[in-house]
Structures are given as structure tokens and as C-alpha cells.
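Taking it in order: structure first as C-alpha cells, then the write-up.
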Amino acid sequence: MNCTLLETRKTLSFLLRSCTAHSAALQCHAQSFVQGLLPNTVLQTDLLLVYSKLGLLHEARKVFDRMLDRKNMYPWNVMIASYAQNCMYSDALMVFREFKYFGFRPDHYTLPPLFKASVGVDDGCIGSTCHGLVIRLGYEGYVVVANSVLEFYVKYGAVLQACCVFSNMLCRDTVTWNLMILGLGRAGLCSDAMSCFREMLSLDRMMRVDFMTLPSVLNACGKEGDLLKVREVHGYVVRSFGFDVDAAIGNALIDVYGKCGCLKDSEKVFRTMSRLNLVTWTTVISCYGAHGKGEESLLLFKKMVDEGFRPNPVTLTAILASCSRSGLIDQGKQIFSSIRSDYGFEPSVEHYTCMVDLLSRCGYLLEALQLLESMKSSETGSMWGALLAGCVMHKNVEVGQIAAHRLFQLEPNNASNYVALCGIYQSLGMVDRLSSIRAKMRDLGLVKIPACSWINRAGRTHIRPRGPVSSTSSNDLQNTNYLNHDLRVENLLHDDDTLAMGLYL
DNA sequence: TTAGGGTTAG
């Protein structure tokens, strides 16, 4: 390549790296072609990067496929990462298979997207095998790689394994702590999540709590329903970030106050937020709905649409659930029919469940049954459970028996369904049938687990069973500190993973 | 020249 062409190539590389628009990238690409600079590994890699950055995966793949130099790891890593970042997990894994075919060994750039892809395709074996590779190839010391391993176990719902990885990590940073708090909170180990947060607060500057830590911490507080802790964390948020917070923190605050029964506080946070997103609207709609304020939820839904936000399936579930809790039958029916016609989604299992619940609560039991029998999605216990609950409420034995017998097939070990049917028979004085169901429960060895309440008193959570039983300390139940488990990483890997590692290397 | 984290329903 002569000096002029080299200069042109360098200029185009510089321009490509600063491209922020599709048209500019296309112009640079065209110029590269016209100037006779292609194929060239450096320029093609720059094109691959810019198309990936702009989310133009089809263009990126075309560039990748035309690259003649397949010995360079860099484009492979970029292609795998681009697919993973754009949720095209199967494509990422296919490129990785090809990568292996060419005899490459993954490096510390290759592995993080593979963990993401493993979670994306819901295949724990891939992540587990990659974990084996991390150990075998000695990448445990790279904090980004180690965090990806941790993220895999957190997102895959394997909290014990996540704790094990966390305990054995050679280096940690803010992302590590954020992931661990997230994992503990998602697993319902809320006290452990809070302990983890407090430990993080006591660390030095390198591990400083950042804006991404707080939604997970708040989420854990919400699951526990501990208002005292919520206020404590909210105080920390205001001291650190002021009142006008990042959308995700604001959304978590709205949600958590709603879950603790403080709708007024949810409203206050909502009013002070300047950066709203679709999740904000969905959360606030859901909060009003959960507090039985369906009319307000509908007004917010309308305002959201007027402000240009297009509801997603989660928003539609939230508004349907709000209608259901408030018995707003006409509005609920109208929204349900608009899911396909106005918003272009196929109604999901969740949408059907809300609709069956709404119809059942309002006494339209035959209509609910017809809806269940007509739907294309696969039926779930929740749907039939909603219908059965409506039958109990409205003392309808005919539909109730259909729902109960369907539930006996779907959930053979769930005593609640038998108890619900007994409730219908009892309310109608059908003594023989009541005795028959109770006898069946005895034969099957089914026992209804008594309901209980969780009460927070002076910062301690107590469990109060129904009936005249004294309260039990939470310590009786939550006496496990997961982070202090003596765990060895080797125990996380199955024989199959070891075998896969052996085959690979 | 490439890799990582948060919030919403049921």
C-alpha cells in the first residue's frame, strides 16, 4: 500500500471510529470500496465495529463474512459480542462454534459475551462449560471475566453457586458487588442482600456504591416489605444523588413504596422525576392498581399514551390487573381486545390470566370458561385458579367443578384447589360431595399449609400464623448467611462440563 | 482496536 493510500485508509479508519449515524458509516464504506482499499483487515474491523455499534448486525455480518484474514481473533470477538449485545444469542453461539472450528482458544474478550448468550438461550450447560474454561485457561484474575461468571449464575437463578463464585473471587469491583446484591435479592434472600449492601458501603473508594447498586437494594427491601429499610436507602439516595434521580432508581422507589403500602410516597417520587420511561409508567399504573385504584390507573394509562409512550406487554398486564382488582369489566374487555388490534401483540398467558381473573371476579364465569377454552396459548394453573376463585366467590358449583378437576390434573399436589372446591360445596350445603373431596384429600395425603403474615416490628421480621399461635422470630427461618458458606468452585462443575473442557482443549 | 452490572406484571 503506497503512502497516499495508507493516509486515506487511516483517515477512513478515524472517520469510521467516530461515526454515529448509519448514513455516515455507509459513506465511509463506499469510499473504502471506491478507493480500492478493501479487503483490508484493519478497515474491515473498523467497519465491523461501527455497524455493530449502530445495531446494524446484518451489515456487520456481511463485512465479517468477506474478511479474508481469519487468523485474527479480534473480529471474531467483536462479532460474538455484537450478537450477544443485540440479544441474538444463537447467532453468537454459532459464530463461537465456527471460531472453535478454526482452532481458536477463547480469550478474556471472547468469554463474557458467551455467558450472556448462555443465559439468553436458557442453557446452563454452556455457561457451566464456559466457567470450566475460565478456570482451565486461567482467566479468573480478569475482573470482567469473573463478573461474567457471577452474572451467569445470578441470572440463571443459581444463588448458591453465585455466592460460591463471589466468595472465591480473586478481585472484585463495584459490578461484582452489584451483581451479588442483585442475585441475593432475586433469590428472596433480602436480609443477605442488605448485609451485602452494608458491607459494600464500608469498603474503600474502588468499591463505591454507584447508581446501579440502588435499584437492586430497593428491590430487596420491597420484597421484605420493610419500610424502615426503604426509608434508610431512600435517604442514602437523596444524599448521594439528590431528589431528581436516575429513572431506574426512581422506578424502584415508586415500586417499593407501593409494595410497602405507601402509595402517597410512590406518588411523590413519581411527581419529582424528570426522566420518565415506559417502566416508570408501568410501575406507577401497577401501584395504583394494587391499591384498588383502577380508575386512576386508567387515567395514567391514557396520559402515558398521550405523551407518546407505546405500552409493551408488561404495561398491558399491569393495566389489565388494575382493571381486574377494581372490577372494571368494560374497560378491561376493551384493553384486552386492543392488545392485538391496537398494539400488535398476541395476548400472552399473563394477559389471559388477568382477563379470566377479571371476568371471574365480576361473576361472568361462563364467559371466563369460554375464554380459557378458546385461547391459543397453553393453559396454566393460575388461569384455572382465577376461575375457581371466582366460582368460590359466586358459589357456582357447575363451573367450579370443571375448574377444580382441571386443576387436580395440572397441580395434583396442590391442596388449595381441593380446599376451594370444598368451600363451594360447604357454602351450598352439599355435604355428601364435601365429604367425598375430604376423603380424597386424606387418601392422597394432602394437607393445606396454613397461611401466615409477615410483620416487621422494631426492625425485626416476625411470622404470625393464622390463629392463636404466638409469633415466631424470623431468625428461626432465616439463619443462613449464604455469603459465609465454605464453598469450593470445583463443586460447581458437573462431570459433563469437565468432559466438555477436555474435549475442547 | 474488542468484554461486564440496575428498575415494571403475574
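Using a 4.0 Å heavy-atom distance criterion, T283(A) is classed as a sugar-phosphate-only contact. R325(A) comes within 4.0 angstrom of sugar-phosphate atoms only, judged by non-hydrogen atoms across all strands, and of no base. Within the nucleic acid shown, N77(A) comes within 4.0 Å of at least one base atom, counting heavy atoms only.
Checked against side chain to side chain contact (heavy atoms under 4.5 Å, CB included), D122(A) has the following partners two or more places apart in sequence or in another chain: Y156(A). Applying the side chain to side chain contact (heavy atoms under 4.5 Å, CB included) test to Q27(A) and every residue at least two apart in sequence or in another chain returns nothing. With sequence neighbours excluded, the residues that form a side chain to side chain contact (heavy atoms under 4.5 Å, CB included) with V356(A) are S360(A), A368(A), L371(A), L372(A), A386(A), L387(A). Under the side chain to side chain contact (heavy atoms under 4.5 Å, CB included) criterion, A25(A) pairs with C19(A), V50(A), Y51(A), L54(A), sequence neighbours left out. Taking F336(A) as the reference, Y352(A) meet the ring pair (Phe, Tyr, Trp, His ring centres under 6.0 Å) condition, with sequence neighbours excluded. With sequence neighbours left out, F102(A) forms a ring pair (Phe, Tyr, Trp, His ring centres under 6.0 Å) with W76(A).
Within the structure, every pair that satisfies the salt bridge (charged side-chain N to carboxylate O under 4.0 Å, His left out) test and touches residues 40-49 of chain A, not counting sequence neighbours, is listed here: R17(A)-D46(A).
Applying the 3.5 Å distance criterion, the base of dT2(B) shares no donor-acceptor pair with the side chain of Y74(A).
Judged by distance alone, with hydrogens and angles left aside, the side-chain atoms of T174(A) form a donor-acceptor pair with the main-chain N or O of R208(A) at under 3.5 Å.
Contacts of residues 289-304 of chain A with DNA chain B (heavy atom under 4.0 Å): none. Of the residues in residues 335-344 of chain A, not one places a heavy atom less than 4.0 Å from an atom of DNA chain B.
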